[in-house]
Structure formats: structure tokens, C-alpha cells
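Below is one structure; the comments refer to it alone.
Numbers here simply count residues along the sequence, with the first being 1.
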Amino acid sequence: MTHVTEDDQIIETTAEPLQQYLKEKAGVGANAVKSAKPTRALAFRPLNRQPLAMLTILDDGSREEGETVRIRDSKFSIGREKGTLTIPFDSDMSGQHVELCCQKLKGRFRWYLIDRKSTNGTFVRGMRASLFRDTELLLGSRRYLFRLPSASHALQETQSLQTQSYRAPQRTLLEQLVPQLSEVGVRDEEPVSFALGGTEMLLGSDSHCELSIEHDPFISPKHARFFQDEQQRWRIEDQKSLNGVWIRVKKFAMDKPTEFQLGQQRFRFQPSIA
């Protein structure tokens, strides 16, 4: 099995299907006819400074509407108490939670979302993502931890050579043999835990899903698919769920429109405005 590290993690944001659709409508692709020269002049764009970016502080329950902030600096910070933007009423947000930073590398401007060691983390909405050891996911209203099997399994040595009566193996020992999806942050109730057997499993509120979560109203009937790719690496894929699949990140390159969540607040970031 190929081991995937955090640095190898690939998250495809929900912008991919929209951009592909727009390209097809515009005739851009393998079958598009390339013009020898432009049919009209291009609108002026700055070439020697970073492009204007736009951040939308989304209204509750919306992916489109909200307060829009235009970013004209190379750094923009968000927090509950400190930052360019503060959201004081969100107690799940850290005092200084994240920083949006624009860097110029090899002549190209690139925006990064950087978590500032926040208590509750920074989550990016993804259409598809690779999973590595201890990846934290936000699905519906709950958080889950993806755990890979241990590299080695410490089996208890038999203390006696004499024949012993049968004893069932401990559940904790069996759990070390397959990946686990475990609920985190649960205080007053028993946390949910799933064993990911096989190569593909569906998670959703539908009782027919292998990973059935019926108690969470924010989970879609078929919410997400867990599967192994050709290299036997585990991945997660959103199944057009209403509330999405969110992956915790420490640093994420926002080359395309990106949705992210801090505490209970969601945002949409547009790296450049045409």
C-alpha cells in the first residue's frame, strides 16, 4: 500500500465541475478550434501586482449570499478577537484563527490559507480528497477522524505452551487491522465508530448505506463515498450532498474559488476578479 503524507494530500474543491462546465460552454477543450489571433482586444489586467481578491462572509444557510470584502493587501487575517476581519460572536473561532497570504513564486501570484494553530481547526470544502493518517473531516454537524491501521500489530505472546480454551480476540486488536472512521469531540454520548472494510463504502443517512448516520439531520441520504484508488490509497468523494465534505488543513493553496469554515462561520474566497 502506498502511504500518503499530509504534504501529498490533494483536495479537489467544488469549483472543478463548474469550471469544466463553463469551459465546455465556451468551446474550450480538446475539440475547440484555436484562433490564430484574438478577435478583440483584452480588457486591461495588472501584470506586476497581485490580482484583486474577494472574500464573502457567507450568510447562515447560504453558499452565495453574504458580506463581500475586497482584498487589496498581500495578507488578510481572520479571528474572533484579532485580525483584519473579526467575528466576535463565534466562540468556536480562535482569537487569531487564519491568515490569507498572497505570495509571488516564479512570476506567479498564489494565495494560501494558513491556519494559525487554532483550537478547532480550518476546514476546506472538497469535491474529492486523498486521506492520510488522522485526517479530520467535517460531515454534517459532526467531526470524524480517519485512522489508518498501525504499521505493526503487537500480539500478546503466549505465556504457556499448554493448550488453552478459546478466547475471542479483543475488539481493540481487530480495530488495528482495518481503517476506522471515528467521531470526535463527543462528550455526553457514545461516539460513533465505523470500520472501513472492502474497497468502497457509502456514508449517509439512508439505512442502506454501509456507514449509516441516521441521527444527524445535516447528513444527506447519500453524503460521501470512501474508496481506494488504483494505488490502494483511501479517498473521499462528495456525493452531491447539500452540506458538503470538509477536510481539515494547515496550509492550503487557493488557486480556484474555495469555500472554507472557521468555527461555525463559512466563507467563499475568489483568488482573482476578472
Are the side chain of [X] and the backbone of [Y] linked by a donor-acceptor contact shorter than 3.5 Å?
X	Y	value
Q265	L58	yes
R125	I247	no
H97	G121	yes
R80	D90	no
T258	K256	yes
Q50	D73	yes
D206	K222	no
S94	T119	yes

- Message: Can you tell me which residue among R248, K250, R142 is in a salt bridge (charged side-chain N to carboxylate O under 4.0 Å, His left out) with E136?
- Response: R248
So how far is it from [X] [atom1] to [Y] [atom2], rounded to the nearest 0.5 Å?
X	Y	atom1	atom2	value
M201	I236	CE	CD1	12.5 Å
W234	S130	CH2	OG	14.0 Å
L139	I219	CG	CD1	5.5 Å
L202	H208	CG	NE2	12.0 Å
T122	M93	OG1	CE	9.0 Å

Would you call [X] and [Y] a side-chain contact if the rule is heavy atoms closer than 4.5 Å?
X	Y	value
L262	I87	no
S205	S212	no
F267	L113	no
F226	L131	yes
Q180	S193	yes
T84	V69	no

- Query: Run the side-chain contact (heavy atoms from CB on, under 4.5 Å) check on R116 and K82 step by step: do they pass?
  - Reply: CA-CA 12 Å; R116 290 305 184 192; K82 300 178 181 178; over 6 Å; no
- Provide the closest heavy-atom pair for F123 versus N120 in the form atom of the first, atom of the second, distance.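 The answer is CE1-O, 3.5 Å.
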- For the residue pair Q261 and R266, confirm or rule out a side-chain donor-acceptor distance under 3.5 Å.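 Their side chains do contain a donor-acceptor pair, which is all the 3.5 Å distance test asks for.
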- Message: Between R268 and E259, does any side-chain N to carboxylate O distance fall below 4.0 Å?
- Response: no
- Message: Using a strict threshold of under 4.0 Å (side-chain N to carboxylate O), is an ion pair present between R110 and D255?
- Response: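 Looking at R110 together with D255, the answer is yes, because their closest N to O distance falls below 4.0 Å.
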- Task: Check the pair F132, D134 against side-chain contact (heavy atoms from CB on, under 4.5 Å), reporting the backbone distance first and the verdict last.
- Result: CA-CA 6 Å; F132 55 92; D134 294 336; 5.9 Å; no
